[in-house]
Amino acid sequence: MRIGILGTGNMADALGGQWRRAGHEVVAGGRSAGTGLREAAEHGTDAVLVALPWQAAVEVVGELAEPLRGRVLIDCTNPVGPGFRLLTAGGPAAAERIAAAAPGARVVKAFNLCHEDVWRTTPPVFDGRPLAVPLCGDDEAALSVVRRLVRDLGCEPLNAGGLDRAGLLEATAALLIGLWVGEGADAQAIAPPLAFSGAV
């Protein structure tokens, strides 16, 4: 696949590096990088990853609305502020704001629940269980592309609903980051095994 990445920071490096190893053609761009944001957007004919701070992401995506038209746009941003507060509480979610800024793009929320070091793990398998990656999106073809990119990391994609549920993923990130970073807690321990969840 041809993948463009908006941003050149840690998430761009971690995910982009893994996708390159999987055989994809990846171009990352930034405002102060040798490759620009527009070049990265234009390169990503199969998918474009938004790996920018969320406030900057909305602005940048709006500026690139035309080259992003029809693109699969993957949003991994987290609107989390001081005190691990969700900065978009009350809505709309960051992913919905990004979608509104580029109405011709097909936005999928994904890859926002883990620190970049997790994405550098090859593969991210813990206690014999591959990491699961929840996806929120409304376009089935776009979701199919992102599922493949999830599997290329050695992870398992999970259907988390439409883009209207992206705010739940973002709130989950705020909660988990607060537990992991703020409390030093094993946040994974808050969820019982499936057999005890009431779902089976």
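Throughout, numbering of the chain's residues begins at 1 and tracks the sequence.
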Distance-only criterion, 3.5 Å: show the donor-acceptor pairs between side-chain atoms of residues 171-192 and protein atoms not counting sequence neighbours.
{"unit_1": "T172", "atom_1": "OG1", "unit_2": "L168", "atom_2": "O", "d": "2.7"}
{"unit_1": "D186", "atom_1": "OD1", "unit_2": "Q188", "atom_2": "N", "d": "3.2"}

*Does any N or O in the side chain of S144 come within less than 3.5 Å of the main-chain N or O of A141, such that one atom is a donor and the other an acceptor?*
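No; judged by distance alone, with no hydrogens or angles, the pair does not exist.
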*asked:* When you measure from the side chain of E170 to the backbone of A94, do you find a donor-acceptor pair of N or O atoms at a distance under 3.5 Å?
replied: yes
Which residues satisfy the side-chain contact (heavy atoms from CB on, under 4.5 Å) test with [X], sequence neighbours excluded?
| X | value |
| --- | --- |
| V118 | C114, P124, F126, L131 |
| A160 | P134, C136 |
| P92 | E96, R97 |

*Does W119 have any ring pair (Phe, Tyr, Trp, His ring centres under 6.0 Å) partners at least two apart in sequence or in another chain, and if so, which?*
F111
Taking atom [atom1] of [X] and atom [atom2] of [Y], what is their separation to the nearest 0.5 Å?
| X | Y | atom1 | atom2 | answer |
| --- | --- | --- | --- | --- |
| D164 | D138 | CG | CG | 6.5 Å |
| R106 | I74 | CZ | CD1 | 11.0 Å |
| L163 | I98 | CG | CD1 | 9.5 Å |
| E42 | T35 | CD | OG1 | 12.0 Å |

Side-chain donor-acceptor distances from residues 75-87 under 3.5 Å, at least two apart:
{"unit_1": "D75", "atom_1": "OD1", "unit_2": "T77", "atom_2": "N", "d": "2.9"}
{"unit_1": "D75", "atom_1": "OD1", "unit_2": "T77", "atom_2": "OG1", "d": "2.7"}
{"unit_1": "D75", "atom_1": "OD2", "unit_2": "K109", "atom_2": "NZ", "d": "2.8"}
{"unit_1": "N78", "atom_1": "OD1", "unit_2": "N112", "atom_2": "ND2", "d": "3.0"}
{"unit_1": "N78", "atom_1": "ND2", "unit_2": "N112", "atom_2": "O", "d": "2.6"}

*Does anything in residues 64-74 pair up under salt bridge (charged side-chain N to carboxylate O under 4.0 Å, His left out), and if so which pairs, sequence neighbours excluded?*
E66-R69
[X] and [Y]: same hydrophobic cluster, using ILVMFWY side-chain contacts below 4.5 Å?
| X | Y | answer |
| --- | --- | --- |
| L64 | V107 | yes |
| L73 | I3 | no |
| V72 | L169 | no |
| L113 | L135 | no |

*Identify, with sequence neighbours excluded, every residue that meets side-chain hydrogen bond (donor to acceptor under 3.5 Å, both in side chains) alongside E63.*
R31
_With sequence neighbours excluded, residues passing side-chain hydrogen bond (donor to acceptor under 3.5 Å, both in side chains) with T121_ =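 Scan of T121 (side-chain hydrogen bond (donor to acceptor under 3.5 Å, both in side chains), adjacent residues dropped) gives none.
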Contacts table for residues 45-61: side-chain donor-acceptor under 3.5 angstrom, sequence neighbours left out:
{"unit_1": "T45", "atom_1": "OG1", "unit_2": "R2", "atom_2": "NE", "d": "3.4"}
{"unit_1": "D46", "atom_1": "OD2", "unit_2": "R2", "atom_2": "N", "d": "2.7"}

*Kindly give the heavy-atom pair with the smallest separation between G4 and H43, and that separation in Å.*
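Result for this residue pair: N-CD2, 4.2 Å.
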*Can you name the nearest heavy-atom pair linking A95 to A166, along with the distance?*
CB-CB, 3.7 Å
Under 3.5 Å, which donor-acceptor pairs link side chains of residues 10-17 to any protein atom two or more places apart or in another chain?
{"unit_1": "N10", "atom_1": "ND2", "unit_2": "E116", "atom_2": "OE2", "d": "3.2"}
{"unit_1": "D13", "atom_1": "OD2", "unit_2": "R120", "atom_2": "NH2", "d": "2.9"}

Give every donor-acceptor pair under 3.5 Å between a side-chain atom in residues 145-157 and any protein atom, sequence neighbours left out.
{"unit_1": "R147", "atom_1": "NH1", "unit_2": "E140", "atom_2": "OE2", "d": "2.8"}
{"unit_1": "R147", "atom_1": "NH2", "unit_2": "E140", "atom_2": "OE2", "d": "3.3"}
{"unit_1": "D152", "atom_1": "OD2", "unit_2": "H24", "atom_2": "NE2", "d": "2.6"}

